[in-house]
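Here is the structure we will look at.
Residue numbers count from 1 along this sequence.
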Amino acid sequence: MACGKKHGMTWSLESALRLYASELVGVSCSALESPSWPVKAQGARAIATIAETMGPNLESAYIDTLMTALLVALPGRVWEGKEAVVSAQRMVCVCCQNTIRSCQDLQKLATEKICHELIQQCKKKPTTYQQCCIEATGDILDALKADCYMDFKEILLPIIKNGVDDTLGMMADLSDTSCTLKLRAVVFRALGKAWPQCTDTQVACTGEVFALMGNTLLTSPWQTQVAILCGLRDLLQRLSVSLSEAVLSYVNITLIPILSQCLGVTKYGVCRATLMVLSKLFAILKDPQYRFQESPPLQDLRQALSTVRDPQDKELVVEILKHLQ
């Protein structure tokens, strides 16, 4: 879209930002230092626009300046509109990820300082702000392939465990219940997105996270089920370590029967997400090292797969059945 003309030539927004990058970065960062909350939020939104528009074309020096200014604005109390600062930090880290990952100083700033501060922010209320922080942290860890999983997990697991009791106690207040369920969905997605490449972390966390996701599936509403399944799919896609005997036992005895039941859920999103998880799972289990033998849970799974009727899912079903042979 044209945003202005000069000497008869139409400018794109990116061209204008590139030409005046220094001035716009300076003004936006100055706005973040304002004592006025609306001005701070406006500065953060301007930074998000710069990052989204310029992306990989934004110079590393400007990325450093923007990330540092946003980092300074993160600590302290939660003020009205502070979500804009979190969202802007996410936009810079995600849209400029290639530049950040190729620069050691920027990668260090992002993973050691920004991610650490965002994880601390994930503890703070109100729930809408907490949700924004968790979603941003998951996206940043995903984009930068950074490993802060242990610290992040320690913040997220209590939210899931406490959320069960909180939800049951708030059924009379539908707005609170809806907010709690949305938060839990974001947490499950973040657990998958933030799954690291570090093998030591994977070994330490696979069993616990598998069990948490699997054991929560059938007791959750369908929207949360989709989020859990998407998180589990992301985890399986990045899994690079061998599954322990304990995890294999859990998969065979508990997880596969749970996934078979999910195939019978009437909501299409749940069925489709379950098939994606099964596809990733059995792509791993087909490895000869696992010696995955015929069992009643596998027989029940074949039966459940035979009930999938949507033509869009047939290719996935055939793929899973091949792995089961």
Side-chain angles (χ1 to χ4, degrees), residues 28-29 31-32 34 36-53 63 66-97 100 109-111 113-144 146 148-149 151-163 166-167 170 175-195 223-224 226-228 230-231 234:
S28 301
C29 291
L32 283 177
S34 171
S36 167
W37 296 345
V39 174
K40 280 180 178 289
Q42 187 176 22
R45 287 192 292 270
I47 290 174
T49 300
I50 293 170
E52 184 177 21
T53 306
I63 296 173
L66 295 176
M67 289 200 304
T68 301
L70 291 165
L71 176 61
V72 171
L74 272 176
R77 62 175 296 187
V78 178
W79 40 269
E80 186 176 352
K82 192 176 181 181
E83 290 88 349
V85 176
V86 177
S87 297
Q89 193 69 274
R90 169 190 168 276
M91 195 66 72
V92 173
C93 290
V94 172
C95 294
C96 307
Q97 59 182 279
I100 295 172
L109 171 63
T111 56
K113 294 184 178 181
I114 291 172
C115 289
H116 173 76
E117 181 57 43
L118 278 172
I119 289 172
Q120 298 307 307
Q121 294 294 309
C122 289
K123 302 175 184 179
K124 296 184 177 180
K125 302 289 186 176
T127 302
T128 51
Y129 178 75
Q130 187 177 33
Q131 180 177 319
C132 179
C133 291
I134 292 171
E135 194 166 17
T137 305
D139 287 343
I140 291 172
L141 292 174
D142 179 21
L144 301 182
C148 298
Y149 203 79
D151 291 338
F152 196 31
K153 176 175 70 72
E154 292 307 308
I155 303 295
L156 300 185
L157 296 195
I159 295 174
I160 295 173
K161 293 171 181 176
N162 294 337
D166 292 346
T167 301
M170 292 190 303
S175 61
D176 285 348
T177 301
S178 175
C179 197
T180 300
L181 293 177
K182 287 180 181 178
L183 176 62
R184 295 182 75 220
V186 167
V187 167
F188 280 116
R189 288 304 308 270
L191 280 170
K193 286 182 178 181
W195 189 249
Q223 297 96 329
T224 309
V226 172
I228 295 170
C230 288
D234 291 343

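For the pair L181/Q223, no side-chain contact is recorded, criterion being any heavy-atom separation below 4.5 Å from C-beta on. Within the 4.5 Å cutoff, the side chain of L191 has no heavy atoms near those of the I228 side chain. Residues L32 and I47 are in side-chain contact: their nearest non-hydrogen atoms beyond the backbone lie under 4.5 Å apart. In this structure, M91 and T49 have side chains that are not in contact, with every pair of non-hydrogen atoms separated by 4.5 Å or more. At least one side-chain heavy atom of K125 sits under 4.5 Å from a side-chain heavy atom of Q130.
Interatomic distance, I100 CD1 to C93 SG, rounded to the nearest 0.5 Å: 4.5 Å. Separation of atoms CZ (R45) and OG (S28) is listed at 11.5 Å; rounding is to 0.5 Å.
Relative ring orientation between W195 and Y149 is described as perpendicular, the plane-to-plane angle rising above 60° on a 0-90° scale split at 30° and 60°.
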Report the C-alpha distance between E117 and Q121 in whole Å, list the side-chain angles of each, state the deciding distance to 0.1 Å, and finish with yes or no for side chain to side chain donor-acceptor pair (under 3.5 Å).
CA-CA 6 Å; E117 181 57 43; Q121 294 294 309; 2.8 Å; yes
Residue pair L118, F152: steps toward the side-chain contact (heavy atoms from CB on, under 4.5 Å) verdict:
CA-CA 9 Å; L118 278 172; F152 196 31; over 6 Å; no
When you look at K182 and Q131, which way does the side chain to side chain donor-acceptor pair (under 3.5 Å) test go after all the steps?
CA-CA 8 Å; K182 287 180 181 178; Q131 180 177 319; over 6 Å; no
If you apply the rule side-chain contact (heavy atoms from CB on, under 4.5 Å), what do you find for I159 with I134, and how did you get there?
CA-CA 11 Å; I159 295 174; I134 292 171; 3.7 Å; yes
Determine, step by step, whether F188 and L156 satisfy the side-chain contact (heavy atoms from CB on, under 4.5 Å) criterion, reporting the C-alpha distance in whole Å, the side-chain angles of both residues, the deciding distance to 0.1 Å, and the verdict.
CA-CA 8 Å; F188 280 116; L156 300 185; over 6 Å; no
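Panel note: side chain E135, backbone C132; no donor-acceptor pair is recorded below 3.5 Å. Remark: the backbone N or O of M67 is paired with a side-chain donor or acceptor of Q89 at under 3.5 angstrom. Between the side chain of K193 and the main chain of I140, no donor-acceptor pair closer than 3.5 Å is present.
The number of heavy atoms from other shown groups lying within 6.0 Å of CD (E83) is above 12. By the 6.0 Å contact criterion, NZ on K124 is enclosed, its count of non-hydrogen atoms from other residues, nucleotides or ligands being greater than 12.
Here K40 pairs with nothing under the side-chain hydrogen bond (donor to acceptor under 3.5 Å, both in side chains) rule; sequence neighbours left out.
Heavy atoms only, all atoms of each residue included: I119 and D151 are closest at CG2-O, 4.1 Å. A pairwise comparison of heavy atoms in C133 and T137 identifies O-OG1, 2.7 Å as the closest pair. Smallest separation of non-hydrogen atoms from L141 and A194: CD1-CB, 3.7 Å. The minimum heavy-atom distance between R189 and A227, with the atom names listed, is CD-O, 3.4 Å. The nearest pair of heavy atoms linking C122 to I155 is CB-CG2, 3.8 Å. Considering all non-hydrogen atoms of both residues, A69 and C29 come closest at CB-SG, 3.6 Å.
Under the salt bridge (charged side-chain N to carboxylate O under 4.0 Å, His left out) criterion, the residue pairs touching residues 84-93 are R90-D139, with sequence neighbours excluded.
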